[in-house]
Amino acid sequence: MGDHDLLKKVNFPSDIKKMSSEELKQLAEELREFIIDSVSETGGHLAPSLGVVELTLALHKVFNAPEDKIVWDVGHQAYVHKIITGRKDKFHTLRQYNGISGFPKITESEYDTFGVGHSSTSISAALGMAAARDLLREKYKVVAVIGDGALTGGVAFEGLNNAGGMKKDMIVILNDNEMSISRNVGAVSDYFTKVITNPLYNRIKKDVWDLTGKIPMGTKFVRESVQRVQDGIKTMITPGALFERFGFRYFGPVDGHDIARLVKVLNEIKRLKGPILLHIKTIKGKGYKFAERDATKFHGLGSFNPETGLSKKKKRITYTEVFGKTLTELAEKDERIIGITAAMADGTGMIHLKNKFKNRFFDVGIAEQHAVVFAGAMALQGMKPVVAIYSTFLQRAYDQVIHDVALQKLPVVFALDRGGIVGEDGPTHHGSFDLSYLRLVPNMVIMAPKDENELRHMLFTAVNYKKGPVAIRYPRGEGVGVEFDSSLNEIPIGTSEVLKEGKNAAIISIGDMVHPSMVAAEKLSKKGYDVAVVNARFVKPLDREGLISVIRKVPVVVTVENNSIIGGLGSSVSDILAEEKIDVRFKKIGIPDKFVAHGPVAKLLEDLALDSDGIVRSVESFINS
Ligand SMILES: Cc1ncc(C[n+]2csc(CCOP(=O)(O)OP(=O)(O)O)c2C)c(N)n1
């Protein structure tokens, strides 16, 4: 690693204001080394941040943050922003327990203008700021930075549409690297590629930029005429026609790694009125050969060896892999099974289906709402859609789950990966709410497997269930390490299983909490307590009869779930107790009514007393209270 002579001197944006283009270029290289080195230890979103080093420097040189507002979309690319806004010395704590967040966070820094983690919100947030600014007669600039992937999300278009109509002064920078996590999809992305690779466009691109990229001068009449001609030319031959129709003035595309050019262009457009869109072209993972070669792997990853780019090997198969492989296996036998992902083919394991049955795999872009409606319609027409969406991102499509799928009893399978605490990505990404938010939806079947083997049976059960939607939620990361059964069996809907009998207390547990509950019961038995353990398997329909018969045999019942304590498994068991007037001492263990910070999953679960020792403590003290 170099000496980082320039980076040493940089802590705040004021430190780069006077730097020349040459110095900024050098600083960009130093920043890349610094980030690669640090993220190889902490893990994180490497390739997105490497792609916007020059853009971030240019933005902070030209605009005056924190007065001017820079709004990052998703926020996974904001590492340079963090480093040069007072957090260089804490950067090694990125995503670590008690360390700085992997995403912009308003409580972390005044330079982080809006909390983010989920995609496609930046234009709406920037417009909200611009509207508030004007009402309060303030003067600052507002700049949203959105990726071409994030632009596939509907909310981004809602923001564009509203912004173009409101004509507020604001700038949207489109960071186009042709990648979402995998290659970007959809008509807008195709359109950019087609226009930009068009030979006519390429021949006159430079002249057009020179002609149209400057602020019109002269009298009002000249200005307006020039403007009209410019707009006409641009609409014909630049990729900006789309944005011009949305009421934005379009500039670009500009090489997003040419820092001198970026600074010049930003200085020019900064003074313009109305909604402006600047289109820049960047390379995801720029400057780190492994990330440039495989931007999907380096989009977000755990620790790795910076010399080789190799990640640490996982010990056991992950739930994601088991899901993806089982789905593909099922799809081999049933040609009506199709897979849908909202831009997460790799993250959800759908990639296995894509590799085998390309025409039965649908990447719809970062468009969870659309994914769910699309799946509903597919189901109605006789297909068996399996929609794999991370628990936290299905929140986006809640109304579609209710209105488009459940209300019509459509047999859509929701594979909810990353259910429960997810770790380093933190509160924007924990899947803390799904059991609760799905439980109140009529017609839903909700299950959660105790291990990777049960996940296979649940998926098999789900694709064969015809009466309505089924959600299977499972955690991030490695399975428990159990053997797989040789055949797949349907689990009767709404049945629990008693894993251990006991007379002092019963633990009713679900999903990834079943295994630690069993370990806790063993530890309790060494302390002289005879505790039963039930794997609830279903939150809906709950195994009413089965659970009542267990509950009636013990004086103490404890439910354990890696889900909000409000509205999940514990709440549904407590409903039964009230309805049946069962007199038993009852306690719910789960995620309390707060947003859980980031850190390693094991540590966070320990803090929440959701590890086996925590369960032992809770059960023992409750028995003795
Ligand atoms: C609602 C939602 N769905 C999915 C994701 C997961 N996700 C994070 S970044 C990303 C791709 C973003 O692509 P782009 O905006 O082009 O930025 P790039 O990483 O290419 O710089 C996805 C799908 C998310 N953050 N939010």
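Atoms within a ligand are numbered from 1 in the order they appear, just like the ligands themselves.
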Give a yes or no on whether the ring-centroid distance for His598 and His429 is below 6.0 angstrom. no
Check the pair Glu292 / Lys289 against salt bridge (Lys or Arg N to Asp or Glu O under 4.0 Å), numbers first and verdict last. CA-CA 5 Å; Glu292 282 192 34; Lys289 66 178 177 195; over 6 Å; no
Is it true that Glu54 and Lys286 make a salt bridge, defined as a side-chain N closer than 4.0 Å to a carboxylate O? no
Neighbouring protein residues of ligand 1 - any heavy atom closer than 4.0 Å: Pro48, Val74, His76, Gly117, His118, Ser119, Gly147, Asp148, Gly149, Ala150, Asn177, Met179, Ser180, Ile181, Lys284, His299, Ala343, Met344, Ile366, Glu368, Phe393, Arg396
Can you name the ring-ring contact (aromatic ring centres under 6.0 Å, His included) partners of Phe248, sequence neighbours left out? none
Taking only residues two or more places apart in sequence, or in another chain, which ones meet Asp425 in a salt bridge (Lys or Arg N to Asp or Glu O under 4.0 Å)? Arg95
Under the salt bridge (Lys or Arg N to Asp or Glu O under 4.0 Å) test, residues paired with Asp148 that sit two or more places apart: none
